[in-house]
Protein chains: 2
Amino acid sequence: MFKKILIAEDHQSSNISVQKTLQDLTIDNADYVYYCDHAFSWLKNAIRDQDPYEVLITDLSFEEDNTIQQITNGIDLIKATRAIQPDLKVIVFSVESRPSIIDDLFKVHGIDGYVRKARHDADHLKEALRAVYNHKSYQPSDVKQSIRDKNSYEFTTVDIAIVSLLYQGELQKNIPQCLKRRNIKPSSLSSVEKRLNLMKETLGFTKNEQLAVYCKEKGLI
Amino acid sequence: MFKKILIAEDHQSSNISVQKTLQDLTIDNADYVYYCDHAFSWLKNAIRDQDPYEVLITDLSFEEDNTIQQITNGIDLIKATRAIQPDLKVIVFSVESRPSIIDDLFKVHGIDGYVRKARHDADHLKEALRAVYNHKSYQPSDVKQSIRDKNSYEFTTVDIAIVSLLYQGELQKNIPQCLKRRNIKPSSLSSVEKRLNLMKETLGFTKNEQLAVYCKEKGLI
DNA sequence: TGATGCTTTACGGGAACCCGTAAAAATCAG
DNA sequence: CTGATTTTTACGGGTTCCCGTAAAGCATCA
């Protein structure tokens, strides 16, 4: 099993239980920090001392407080880490359940495991560590399930651009110009109207307000 | 210090760390459950056995899974509990940070302490237990702070009703009828327009879509 | 090449919404 | 009760949005 692990997690209670979970796996050399900047320092220092960490277990969202930080969230921490230690195994431990976000973590940021904070998260974390140790990636089944669920409507690039612009306060009649400026293809006012209608009809909405809230909650905009 | 405590928390990792926190306070007789229904059973049985719990520490949101539950969230658990054991001390331990929701817990549901899952939550939980043991209520300072912060705009009953109706898909021109049906006072179309304009102007928005997302995120609708 | 089907665009009438003004109603002080 | 102030309502013209239809663009295939 892994020997040297770093935990980056701002919630004290989560941090404590991750420590305990690692103890159960007889991993004694686990360090824990509450800020991304600290995590990055520890990772750097470990490399300098020629005793690098094998695994980083990190949360995604870190709350701001009065101590100013350079790195403010898990994704930026992962990006920064990749630059100095590309082979570090990364397991993300977060409440995030939106498939689009989790997919990105694997596909764009190349993480090795994802454990969602939920009913059996401590057990899942153990499974994840074992899987990653055996050079497999770990993604719990319920996430894959919700990927399927989510396919109630397949949002295209245009769809997301349109709703984003609306949410930013753009007038509908001005959206064609914005789309043309960004070289997004169907850009006429008719097309914008058509896409909006299709989205609303598919999702059972009648007003743009509902659509905006829906997209915002899903993390699409 | 308290002797007999029940923990209702669906996240295994949070549950573990609450247990550990109670151990630190040398509270050995702490039971823990992962479902509200179980919590309610344990509370009932303890009363039947004439050895009732002194404190309930509970989360607010419990995730659904394949086991169907009667009580599905912390607030309903608190309500049910109040009916069978009104003097039970209740400490809520949740990620919820919206002041309107937390205020309700104290004012409507009469809880004794609130600890937000955050950077020093384990320490705060200890403080809360000590405070409640000394017959004081416990509400961390950062919540009170955010109550003040939130006062960028004071939403009235009408405001919330209007945005809710919009979010439910009601046409703006039909909202006056809805308001009259509910006996909400300024109900003319002009008033609706005026309130909407005031809200948007104060919050720096130009479109209803932005307002709807804002209110939804704040838990106002 | 030209016929065919699909997507995108253009346009126009009507509905909903925005905004300013003014009347009506409610509130309040003296 | 009266007059002044504020709040609420009523109304109208201009803009934006909705929606249906028709034309234009574009790829496919005989």
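Quick caveat, the model's predicted, so the values are computed rather than measured. Order of the sequence lines sets the chain letters (A, B, ...), proteins ahead of strands, with each chain counted from 1.
The side-chain hydrogen bond (donor to acceptor under 3.5 Å, both in side chains) test applied to A/Glu217 returns no partner, not counting sequence neighbours. Residues passing the side-chain hydrogen bond (donor to acceptor under 3.5 Å, both in side chains) test with B/Ser137, sequence neighbours excluded: none. B/Asp37 is linked by a side-chain hydrogen bond (donor to acceptor under 3.5 Å, both in side chains) to nothing, counting only residues two or more places apart in sequence or in another chain.
Atom CD of B/Glu209 is separated from atom P of C/dA16 by 17 Å (rounded to the nearest Å). In this structure, A/Leu196 places its CG atom 11 Å from P of D/dC19, rounding to the nearest Å. The CG atom of A/Asn183 sits 17 Å away from the C1' atom of C/dT8 (whole-angstrom rounding). Taking atom CD on A/Glu201 and atom P on D/dG20, their separation rounds to 11 Å, with Å as the unit. Between A/Ile175 atom CD1 and C/dT9 atom P the separation is 14 Å, expressed in whole Å. The separation between B/Ile184 atom CD1 and D/dT8 atom P is 13 Å, rounded to whole Å. When rounded to the nearest whole Å, the span between CZ of A/Arg195 and P of D/dC18 equals 16 Å. Going from atom NZ of A/Lys200 over to atom P of D/dC17 covers 11 Å, rounded to whole Å.
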Which atom pairs, one a donor and one an acceptor, fall under 3.5 Å between side chains of residues 155-175 of chain B and the rest of the protein, sequence neighbours left out?
| unit_1 | atom_1 | unit_2 | atom_2 | d |
| --- | --- | --- | --- | --- |
| B/Thr156 | OG1 | B/Val158 | N | 3.4 |
| B/Thr156 | OG1 | B/Asp159 | N | 3.2 |
| B/Thr156 | OG1 | B/Asp159 | OD2 | 3.1 |
| B/Asp159 | OD1 | B/Arg195 | NE | 2.8 |
| B/Asp159 | OD1 | B/Arg195 | NH2 | 3.4 |
| B/Asp159 | OD2 | B/Tyr153 | OH | 3.0 |
| B/Asp159 | OD2 | B/Thr156 | N | 3.0 |
| B/Asp159 | OD2 | B/Arg195 | NH2 | 3.0 |
| B/Ser164 | OG | B/Ile160 | O | 2.7 |

With a cut-off of 3.5 Å and sequence neighbours excluded, list every side-chain donor-acceptor pair involving residues 182-189 of chain B.
| unit_1 | atom_1 | unit_2 | atom_2 | d |
| --- | --- | --- | --- | --- |
| B/Ser188 | OG | B/Ser191 | N | 3.1 |
| B/Ser188 | OG | B/Ser191 | OG | 3.1 |

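At the phosphate of D/dC18, neither OP1 nor OP2 sits under 4.0 Å from any side-chain N or O atom of A/Asn197.
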>> Across nucleotides 9-16 of chain D, 5' to 3', mark each nucleotide with B, S or - according to how protein heavy atoms within less than 4.0 Å reach it.
In response: BBB----S
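Under the salt bridge (charged side-chain N to carboxylate O under 4.0 Å, His left out) test applied with B/Glu63, the options A/Arg116, A/Lys117, A/Arg119 reduce to a single match, A/Arg116.
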